[in-house]
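Values below: every heavy atom of this structure, side chains too, minus hydrogens, waters and symmetry copies.
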Amino acid sequence: MGQDSINKKIVQKLRGARKVLDIGCEDGDLATDLAKELKKLVVGLDVSDANFKKAEKAAKKKKVSPFVSCVRGDAQRLSFRKEEFDSVTLSYTLHHLENPLQALDEIRRIMKPKGKLVVVECMIKEVRDKTTCCFYTLEDLRKIIEESGFRNVRFEHLDEDNFLIEAVK
C-alpha cells in the first residue's frame with residue numbers, strides 16, 4: 001500500500017477532528033492531506049526543520065496554507081498545553097524515538113479526553129527479524145500504547161508488514 005493510500009486511511013480515521021498534531025511530519029504530506037480534507041488546523045512537528053520549506057510549499061500547492069503550521073520539536077518533550085489536540089498521528093515515527101513510552105505519555109498529556117491516536121508502523125513477527133526501521137512486534141506496540149494509558153487499541157493490517165494502530169485517550 002502506497003503512502004497516498006495510507007494517508008487516505010488516516011484521514012478517514014480522523015474525520016471530525018478539530019485540531020491534529022502530526023509528529024514526525026517530515027515534508028508535510030500527511031499534514032497537508034489532513035488539512036485539505038478536515039479544513040481544520042494541523043500542526044506538523046519534526047526534530048529537524050529542514051523539510052519545513054517543502055511542507056510549506058506543499059501546503060501552498062494544495063491551497064491549505066491557513067490550516068498547516070510546522071514547528072520544530074521533540075515528541076518526548078512537547079511544548080504544547082495540556083489537552084490542546086483532538087488527535088495525534090505518528091506515521092513511521094515511533095521507531096525513531098529514543099523513549100517511545102515517554103513520547104506516548106507526552107501525547108496523552110496534550111490530547112483532549114477521548115482524543116484519538118493513530119500510529120502507522122512496520123511490524124515484525126519475531127525479535128530475530130528486527131531492522132533499524134522495523135523492530136516492533138504487534139504485542140510490543142500494544143504493550144507500550146496500553147502502558148501509557150491509551151485504551152481501545154486496535155490494529156489494522158495495511159499490507160505485508162505495515163499496520164495502522166488506533167487508540168483512544
Decide yes or no for [X] and [Y]: does some side-chain heavy atom of the first lie under 4.5 Å from some side-chain heavy atom of the second?
| X | Y | result |
| --- | --- | --- |
| Tyr136 | Val119 | no |
| Glu106 | Gln76 | no |
| Arg15 | Glu37 | yes |
| Phe67 | Leu41 | no |
| Met111 | Phe150 | yes |
| Tyr92 | Glu26 | no |
| Arg109 | Leu78 | yes |
| Leu30 | Gln3 | no |

Single hit among [options] for side chain to side chain contact (heavy atoms under 4.5 Å, CB included) with [X]:
| X | options | value |
| --- | --- | --- |
| Thr89 | Leu14, Leu117, Asn7 | Leu14 |
| Ile23 | Asp46, Leu97, Thr93, Val43 | Thr93 |
| Val118 | Asp22, Val20, Leu164 | Leu164 |

[X] side, atom [atom1]; [Y] side, atom [atom2] - distance, nearest 0.5 Å:
| X | Y | atom1 | atom2 | answer |
| --- | --- | --- | --- | --- |
| Arg18 | Lys40 | CZ | NZ | 5.5 Å |
| Arg142 | Thr137 | CZ | OG1 | 10.0 Å |
| Arg77 | Ser79 | CZ | OG | 11.5 Å |
| Lys169 | Glu83 | NZ | CD | 4.5 Å |
| His95 | Asp140 | NE2 | CG | 14.0 Å |
| Ile6 | Lys9 | CD1 | NZ | 10.0 Å |

Using every non-hydrogen atom in the two residues, find where [X] and [Y] come nearest and quote the distance to one decimal.
| X | Y | answer |
| --- | --- | --- |
| Asp86 | Ala17 | OD2-C, 3.9 Å |
| Gly73 | Leu45 | O-CD2, 3.7 Å |
| Ile110 | Phe80 | CG2-O, 3.6 Å |
| Ala35 | Val68 | CB-CG2, 3.5 Å |
| Ala55 | Thr32 | O-CG2, 4.0 Å |

Assess whether a salt bridge exists between Asp27 and Lys57, defined as any Lys/Arg side-chain N lying under 4.0 Å from an Asp/Glu carboxylate O. no
So does [Y] get a backbone contact from the side chain of [X], meaning a donor-acceptor N/O pair under 3.5 Å?
| X | Y | answer |
| --- | --- | --- |
| Asp161 | Ile124 | no |
| Lys116 | Lys13 | yes |
| Asp105 | Gln102 | no |
| Arg72 | Ser48 | no |

Do Val47 and Val42 share a hydrophobic cluster, counting only Ile, Leu, Val, Met, Phe, Trp and Tyr and linking them when any side-chain heavy atoms are less than 4.5 Å apart? no
With the 4.5 Å side-chain cut-off for hydrophobic clustering, are Leu38 and Val64 part of the same group? no
Mind running side chain to side chain contact (heavy atoms under 4.5 Å, CB included) on Leu90 and Ile107 for me, showing each step along the way? CA-CA 10 Å; Leu90 296 106; Ile107 290 167; 3.7 Å; yes
Using the six-membered ring wherever Trp is involved, compare the ring planes of Phe163 and His157 and label them parallel, tilted or perpendicular (cut-offs 30° and 60°).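 Taking His157 first and then Phe163, their aromatic rings sit tilted (interplane angle of 30° to 60°).
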Greater than 12 external heavy atoms within 6.0 Å of Lys36's NZ: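 No, not enclosed.
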